[in-house]
Amino acid sequence: GQSLEQPSEVTAVEGAIVQINCTYQTSGFYGLSWYQQHDGGAPTFLSYNALDGLEETGRFSSFLSRSDSYGYLLLQELQMKDSASYFCAVRSGYSTLTFGKGTMLLVSP
Amino acid sequence: DTAVSQTPKYLVTQMGNDKSIKCEQNLGHDTMYWYKQDSKKFLKIMFSYNNKELIINETVPNRFSPKSPDKAHLNLHINSLELGDSAVYFCASSQSGTSTGELFFGEGSRLTVL
């Protein structure tokens, strides 16, 4: 089966940088995804790493180390609108995505 | 145009009733899913269909029955509702074979069982 661990809550101030870590155990691994979900909204795709290294998309970057079964999401220049839950998810098959329990990010002024 | 739409958005019902949630996607994707998100925000896969064929069926009570009349639609019927079924149910779709496997989610259907 699959299991993912990520912190339940992270707090930061506007303009800061925050890193949300994710460790996973899985049988079969295609890649690690990150999703953002605002309160009352739908999860939306942020990034995907299939290979080791850093992927950058604007203020957000995602990192993967397959040998360590570890990844992180890095959010820079935090804005109030970044307050949301962030989920890492392991893709263990073409159509199989298992989510972590989510990290609630609270950004304060 | 909404890419993945599900109805109803809210559902309040009594224990023991039967209810259905409908989902449609206009993205041309070949794979659709139902996820359950509980009060602790844990997103758990329930079912996945690829081209109308069931490919994932997690340990879900058989009171839950998905139906995919075509690859653009995936409905969820729940019999004999229980208090523990209260949750937000998300429909999602994806296209198999893409490099990222990105899921596109509907806005969710909040089910409250009294």
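Each chain gets a letter, A, B and so on, in the order its sequence line appears, and its residues count up from 1. Model, not experiment: these values are computed from the prediction.
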Do [X] and [Y] share a hydrophobic cluster (ILVMFWY, side-chain heavy atoms under 4.5 Å, transitive)?
X	Y	answer
A:M80	A:F60	yes
A:L73	A:V107	yes
A:Y70	A:L32	no
A:F99	B:F90	yes
A:Y24	A:Y72	no

| query | Does anything in residues 35-56 of chain B get under 4.5 Å of chain A by heavy atoms, and if so which residues? | reply |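 The residues closer than 4.5 Å to chain A, in numerical order, are B:Y35, B:Q37, B:K40, B:K41, B:F42, B:L43, B:S48, B:I55, B:I56.
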| query | Is there any residue in residues 103-114 of chain B with a non-hydrogen atom under 4.5 Å from a non-hydrogen atom of chain A, and which ones are they? | reply |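 Hits under 4.5 Å: B:L103, B:F105, B:G106, B:E107.
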| message | Within a 6.0 Å radius of atom CG on B:N62, are there more than 12 heavy atoms belonging to other residues, nucleotides or ligands? | response |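 No, because the 6.0 Å sphere around CG of B:N62 holds 12 heavy atoms or fewer from other groups.
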| task | Report, as yes or no, whether the 6.0 Å neighbourhood of atom CD on A:E5 holds more than 12 heavy atoms from other residues, nucleotides or ligands. | result |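 Not buried by this count: 12 neighbours or fewer within 6.0 Å.
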| message | Quick check: under 4.5 Å, non-hydrogen atoms only, which of residues 37-48 of chain A neighbour chain B? | response |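 Residues A:Q37, A:D39, A:G41, A:A42, A:P43, A:F45, A:Y48 are the ones that qualify, each having a heavy atom under 4.5 Å from chain B.
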| query | Looking only at heavy atoms, which of residues 7-21 of chain A get nearer than 4.5 Å to chain B? | reply |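 So far as heavy atoms go, nothing in residues 7-21 of chain A approaches chain B to under 4.5 Å.
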| said: Can you tell me which portion of B:T100 sits under 4.5 Å from chain A's heavy atoms? Options are side chain, backbone, both or neither. | reply: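 For B:T100, backbone and side chain are both near chain A.
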